[in-house]
Amino acid sequence: MKNRDGMCDYCGDKIASQVDHISSVSDHVDSVLDGTITLGEAEDLANGSENFADSCGGSTGSCNQEKGKKNVDDFPKKEKESKRISRRRR
Ligand SMILES: [Zn+2]
């Protein structure tokens with residue numbers, strides 16, 4: 001699971017201590033509703049290994065706390081963001 005020497009995928013500055021889902025099932029709900037994918041496929045997308053990011057944790061100022069349930073596109077890009085994150089942006 002760990003990449004980048006255990007640093008956070010979002011900021012690259014702090015040690016990652018938590019695993020974040022880059023997107024959630026609810027991010028795919030529009031595709032499910034318009035019939036592009038099934039609910040099962042949406043769950044697979046949310047639970048697939050490609051969807052996990054290492055994130056720094058903590059109750060204030062950490063990427064996991066800042067991002068929360070936000071879609072990755074709504075989370076400000078940081079200078080040292082990993083490719084794993086940037087290729088998920090639209
Ligand atoms: Zn971070």
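Just so you know, these numbers use all the heavy atoms, side chains as well, and skip hydrogens, waters and symmetry mates. Computed from a predicted structure; not experimentally measured. Whatever order the structure lists them in is the order used to number ligands and atoms, beginning at 1.
- The shortest side-chain heavy-atom distance between Y10 and D54 does not fall under the 4.5 Å cut-off.
- The Zn ion (ligand 1) has C8 SG, C11 SG, C56 SG, C63 SG as protein N, O or S atoms under 2.8 Å away.
- Rounded to the nearest 0.5 Å, atoms CZ (R88) and CG (D9) are 11.5 Å apart.
- Formation of a donor-acceptor pair under 3.5 Å by the K70 side chain with backbone atoms of E66 is found in this model.
- With hydrogens and angles disregarded, a donor-acceptor distance shorter than 3.5 Å links the side chain of S17 to the backbone of G57.
- Contact detail for C63 and C8: the closest heavy-atom pair is SG-SG, 3.8 Å.
- For the salt bridge (Lys or Arg N to Asp or Glu O under 4.0 Å) test with E50, the passing option among R87, R84, K83 is R87; the others fail.
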